[in-house]
Undergrad: 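Have a look at the structure that comes next, please.
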Amino acid sequence: MKTIELGPDQPFDLNLTLSCGQAFRWEKTADGWWQGVVDRRAVRIRQERDRLTFEGANEGFVRDYFRLDQDLLAILASIDRDPAISAAISECCGLRLVGQPAWECLVSYICATNTNIPAVKRRIALMAGRYGRPIDGPFGTAYTFPDPETLAGVSSADLRDCKLGYRADYAREAAVFTSENPDWAKRVADLPFEEARQALMQFRGIGPKAADCVLLFAFGFFEAFPVDVWIHRIVAETYLPDLAGRKCTPAEYERIRRFSRDYFGGYAGYAQEYLYCARGPASRAQ
DNA sequence: GACCAGGTTGATC
DNA sequence: GATCAACATGGT
């Protein structure tokens with residue numbers, strides 16, 4: 001069991017960070033521990049005030065994954081432009097964007113279109129349980145997210161059986177491509193933002209919204225501003241009232257993300273996640 | 001049983 | 001380039 005003491009200038013809220021819907025493989029147990037699988041690690045972690053206690057990973061991993069060395073106060077100050085975002089910041093202060101493994105994040109957001117978060121978590125868990133590698137960890141046997149080579153060998157029918165529905169072929173195609181191009185993530189990471197975005201949208205099943213999620217949650221492009229139905233609602237009502245009540249067409253998506261990038265700045269993605277997280281406690285997954 | 005959910009695709013005008 | 005139905009699934 002290891003610990004990290006958070007400094008007073010280092011706000012972090014583990015519960016908000018893991019329950020806000022950015023990552024799909026964490027579960028909170030009844031006794032207050034979060035357990036999840038990241039790459040080949042089965043991690044168990046909890047927070048009591050300024051102390052993080054964890055096992056299954058070293059301190060370096062925990063710092064990197066939760067981006068504990070990122071100056072969150074400075075980031076929040078940079079996006080704090082008006083009372084609406086200010087309220088979201090007050091409500092969700094300590095939420096951090098984690099650094100997810102690219103391949104798992106890509107498939108996760110292929111699985112996350114036109115559906116809800118509990119269903120996405122079920123799909124990921126089913127794929128891991130059936131096609132991932134078993135690893136011994138602090139909470140018994142856990143399963144890694146299946147690597148591209150493995151998933152490329154799974155039939156569409158078997159993926160549908162993991163409740164992917166019509167997304168099964170998209171996931172399979174992504175697995176085939178990434179197993180044949182193992183350097184794809186590094187190539188995307190080295191591109192400028194808009195080009196990286198276009199590169200991700202070459203995957204079938206990855207449109208503008210899913211691409212922005214992967215850019216933000218896996219590649220650390222913090223200017224990415226994913227616009228889902230909730231964010232569309234919030235931004236339209238708060239900042240672009242002429243869009244309120246309308247469906248999010250591609251042109252409107254483009255307008256919202258450009259506005260938000262200009263308005264909130266280079267960490268617009270944090271603004272997006274704080275607005276999303278503060279959308280209402282009733283809809284927050286635990 | 002309709003409607004919604006961290007949308008995207010392919011066809012059509 | 002804009003619009004539209006179809007898409008599998010599970011929750012309310």
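Computation of the quantities below employed the complete heavy-atom set of this structure, encompassing side-chain atoms and omitting hydrogens, waters and symmetry-equivalent molecules. We name chains A, B, ... by the order of the sequence lines, and we start the count at 1 in each one. What you see is a predicted model, and the numbers here were worked out from it, not measured in a lab.
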Undergrad: Would you mind checking if A/Glu237 and A/Arg279 are paired as a salt bridge, meaning a charged N to carboxylate O distance below 4.0 Å?
TA: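 So A/Arg279 does not pair with A/Glu237 through a salt bridge.
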Undergrad: Heavy atoms under 4.0 Å, any strand shown: does A/Ile206 hit a base, just sugar-phosphate, or nothing?
TA: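 Sugar-phosphate: the residue A/Ile206, judged by heavy atoms under 4.0 Å, touches backbone atoms but no base.
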Undergrad: What are the two closest heavy atoms between A/Thr141 and A/Pro134, and how far apart are they?
TA: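 Taking A/Thr141 first and A/Pro134 second, the nearest heavy atoms are CG2-CB, 3.9 Å.
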Undergrad: Given that A/Met201 and A/Asn116 both sit by DNA chain B, which one's nearest nucleotide is further toward the 5' end?
TA: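 On the 5' side of the pair lies A/Asn116.
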Undergrad: Once you round it to whole Å, what is the distance between C1' of C/dG10 and CD1 of A/Ile124?
TA: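 Atom-to-atom, A/Ile124 to C/dG10, this comes out as 16 Å.
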Undergrad: Base, sugar-phosphate, or nothing: which does A/Lys209 touch, judged by heavy atoms less than 4.0 Å apart?
TA: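 Answer is base: heavy atoms of A/Lys209 come under 4.0 Å of a base.
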Undergrad: Cation-pi between A/Arg233 and A/Trp230: NZ/CZ under 6.0 Å from ring centre and within 45° of the ring axis?
TA: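 Yes, a cation-pi geometry holds between A/Arg233 and A/Trp230.
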Undergrad: When the distance from CD of A/Glu254 to C1' of B/dG7 is rounded to whole Å, what number comes out?
TA: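 Result: 15 Å.
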Undergrad: Classify the side chain of A/Tyr170 and the base of B/dG7 as holding, or not holding, a donor-acceptor pair under 3.5 Å.
TA: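 Between B/dG7 and A/Tyr170, which were checked side chain against base, a qualifying N/O pair under 3.5 Å is absent.
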Undergrad: Taking A/Glu5 first and then A/Arg51, would you say they form a salt bridge - that is, a charged N and a carboxylate O separated by under 4.0 Å?
TA: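 Yes.
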Undergrad: Answer with base, sugar-phosphate or nothing: what part of the nucleic acid does A/Ala210 contact at a heavy-atom distance below 4.0 Å?
TA: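 Sugar-phosphate, no base atom in range.
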Undergrad: On DNA chain B, check which nucleotide each of A/Tyr109 and A/Gly205 is closest to and give me the residue with the more 5' one.
TA: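 The answer here is A/Tyr109.
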Undergrad: Please work out which of the three classes, parallel, tilted or perpendicular, describes the rings of A/Trp26 and A/Phe66, given edges at 30° and 60°.
TA: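 It falls in the tilted class, 30° to 60°.
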Undergrad: What integer number of Å spans the C1' atoms of B/dT9 and C/dG10?
TA: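 Going atom to atom, C1' in each nucleotide, I get 22 Å.
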Undergrad: Work out how far the C1' atom of C/dT3 is from that of B/dA5, and round it to whole angstrom.
TA: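 Comparing C1' positions in C/dT3 and B/dA5 gives a spacing of 22 Å.
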Undergrad: Once you apply a heavy-atom cut-off of 4.0 Å, does A/Tyr253 come out as touching a base, just sugar-phosphate, or nothing?
TA: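 The answer is nothing, as A/Tyr253 stays clear of every strand by at least 4.0 Å.
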Undergrad: Heavy atoms under 4.0 Å, any strand shown: does A/Glu252 hit a base, just sugar-phosphate, or nothing?
TA: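 No contact at all - A/Glu252 keeps every heavy atom at 4.0 Å or more from the nucleic acid.
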Undergrad: Looking at every strand, decide which applies to A/Ala119 at a 4.0 Å heavy-atom threshold: base, sugar-phosphate, or nothing.
TA: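 No contact.
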Undergrad: Applying a 4.0 Å non-hydrogen cut-off, can you work out what A/Arg160 is touching in the nucleic acid: base, sugar-phosphate, or nothing?
TA: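 Sugar-phosphate contact only.
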